[in-house]
**Q** 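A single structure is presented below for examination.
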Amino acid sequence: MPPILSDDQFAALIAELRGAGCVFAEDEAALLREATVDRDDLAALTARRVAGEPLEQVLGWAEFAGRRVRVAPGVFVPRRRSELVVREAVAAGGSTVVDLCCGTGAIGVAVALALPGSRLWSCDLDPAAVACAARNLADAGVDGRALAGDLDAPLPPALAGRVDVLTANTPYVPTAEIALMPTEARDHEPALALDGGEDGLALHRRVARAAPRWLRPGGTLVIETSPRQAERTAAACAAAGLHPRVVGDDELGATAVVALRS
Ligand SMILES: C[S@@+](CC[C@H](N)C(=O)[O-])C[C@H]1O[C@@H](n2cnc3c(N)ncnc32)[C@H](O)[C@@H]1O
């Protein structure tokens, strides 16, 4: 197939993206070119990107834990830092995995793929996220379900006391700080995916309170958090009777709380 852009046209695309504030304009131009079949298609995707839509939503996928994960418009783009949650969950091990506030389902899918024979339950309140997660589970060939509802409400009661590992990357941005976020997140990711309440920890407290019901004795909760919130996330886990520790990865810029049920 002949290239859809000459060298000059490709250089102009890079300049257009750079002018719109895309820091990695060369890489983005190459990805947009690769994702499109003709000039009209490329122009349409470029216009969305120049208007500020996250690259991953424009392309329809994000790289996470070494795989391409589908990202539907309006669904939270999985961040590389969440690979710390995956790593800790996989280290905890087991065969029954729950991923709360699953978004695209990226975390749960990565954990399930690394734990052969496991079964995954992914839940989210946003129907668009649940549909996206269902497709990602199917694409990955993971044995599991994507369920819609508030936090742990959609989990089947029979799962109580049987979960080996429960992951949660909930919203954790304090409400007043949403306005300070990059416009890509503010304008294109739903407030439901970002807003963690007054101190950002409303969902962490709810997850901590819910976890003991689902975890088996010795089971593990892994929650993503931030360095300045980590001690309070851990305290919420301790208040729920779990045994938390804070873990971090400087390279990923990631912090998480790993909490054991005794
Ligand atoms: C920060 S995003 C993370 C998504 C995914 N875990 C990831 O790391 O890519 C938080 C997700 O929580 C979901 N959410 C927010 N409040 C919720 C609730 N009460 N119950 C279930 N899901 C909720 C949002 O729809 C969003 O998909």
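Only a predicted model underlies this, so the values are computations on that prediction, with no experimental measurement involved.
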**Q** Take atom CG of D250 as the centre, draw a 6.0 Å sphere, and report whether it contains more than 12 heavy atoms from other residues, nucleotides or ligands.
**A** no
**Q** Per the salt bridge (Lys or Arg N to Asp or Glu O under 4.0 Å) rule, which among E63, E56, E189 passes with R79?
**A** E189
**Q** Can you tell me if Q57 uses its side chain to pair, donor with acceptor, with the backbone of V75 under 3.5 Å?
**A** yes
**Q** Do the side chain of S118 and the main chain of A112 share a donor and acceptor less than 3.5 angstrom apart?
**A** yes
**Q** Rounded to the nearest 0.5 Å, what separates atom CD1 in I14 from atom CD in E26?
**A** 5.0 Å
**Q** Verify the neighbour count for atom CZ of R216: are there more than 12 heavy atoms of other residues, nucleotides or ligands below 6.0 Å?
**A** yes
**Q** For the pair D143 (side chain) and R119 (backbone), establish whether a donor and an acceptor sit closer than 3.5 Å, ignoring hydrogens and angles.
**A** no
**Q** Would you list the pairs meeting salt bridge (charged side-chain N to carboxylate O under 4.0 Å, His left out) in which at least one residue belongs to residues 86-111, sequence neighbours left out?
**A** R87-D249, E88-R245
**Q** List the atom of V165, the atom of A92, and the distance in Å for their closest heavy-atom pair.
**A** CG2-CB, 4.4 Å
**Q** For residues L242 and P212, determine if any side-chain heavy atom of one lies less than 4.5 Å from a side-chain heavy atom of the other.
**A** yes
**Q** L100 and L147: same hydrophobic cluster, using ILVMFWY side-chain contacts below 4.5 Å?
**A** yes
**Q** Would you confirm whether R18, through its side chain, and C22, through its main-chain N or O, come within 3.5 Å as a donor-acceptor pair?
**A** no
**Q** Would you say CZ of R186 has more than 12 non-hydrogen atoms from neighbouring residues, nucleotides or ligands within 6.0 angstrom?
**A** yes
**Q** So, for R81 and A254, which heavy atoms are closest and what is the spacing to 0.1 Å?
**A** O-CB, 3.2 Å
**Q** To the nearest 0.5 Å, tell me how far L59 CG sits from L45 CG.
**A** 7.5 Å
**Q** May I ask you to test the T104-R70 pair for a side-chain heavy-atom distance under 4.5 Å?
**A** no
**Q** Which of these, R205, Q229, H204, sits in a side-chain hydrogen bond (donor to acceptor under 3.5 Å, both in side chains) with D199?
**A** R205
**Q** Should F64 and V58 be regarded as members of a common hydrophobic cluster, given that ILVMFWY residues are connected when their side-chain heavy atoms come within less than 4.5 Å of each other, either directly or indirectly?
**A** no
**Q** Could you give the distance from CG (L17) to CZ (F24), rounded to the nearest 0.5 Å?
**A** 13.5 Å
**Q** Determine yes or no for a side-chain-to-main-chain donor-acceptor pair under 3.5 angstrom, with D195 supplying the side chain and A191 the backbone.
**A** no
**Q** Could you tell me whether the side chain of L252 reaches within less than 4.5 Å of the side chain of R80, counting heavy atoms only?
**A** yes
**Q** Treating R68 as the side-chain partner and W61 as the backbone partner, does any N or O pair qualify as donor plus acceptor under 3.5 Å?
**A** no
**Q** Heavy atoms only: give me the nearest G74-P190 pair and the separation to one decimal.
**A** O-CD, 2.8 Å
**Q** With the side chain counted from C-beta on, respond yes when Y172 and I223 share a heavy-atom pair under 4.5 Å apart, and no when they do not.
**A** no
**Q** Would you say CG of D7 has more than 12 non-hydrogen atoms from neighbouring residues, nucleotides or ligands within 6.0 angstrom?
**A** no
**Q** Where do C102 and D124 come nearest, in terms of heavy atoms and distance?
**A** N-OD2, 3.3 Å
**Q** State, yes or no, whether a side-chain contact exists between E224 and L84 at a heavy-atom distance under 4.5 Å.
**A** no
**Q** When clusters are formed by joining ILVMFWY residues with side-chain heavy atoms under 4.5 Å apart, either directly or through shared neighbours, do L113 and I107 land in the same one?
**A** yes
**Q** Please report the shortest heavy-atom distance between L137 and R145, naming the atom on each side.
**A** CD2-N, 3.6 Å
**Q** Quick check on the hydrophobic clustering: are V163 and V207 connected, directly or via other members, by side-chain heavy-atom contacts under 4.5 Å?
**A** yes
**Q** Which value, rounded to the nearest 0.5 Å, describes the distance between R206 atom CZ and T170 atom OG1?
**A** 10.0 Å
**Q** What are the two closest heavy atoms between L215 and L221, and how far apart are they?
**A** CD1-N, 3.9 Å
**Q** Counting only N and O atoms by type, is there a donor-acceptor contact under 3.5 Å from the side chain of Q9 to the main-chain atoms of S6?
**A** yes
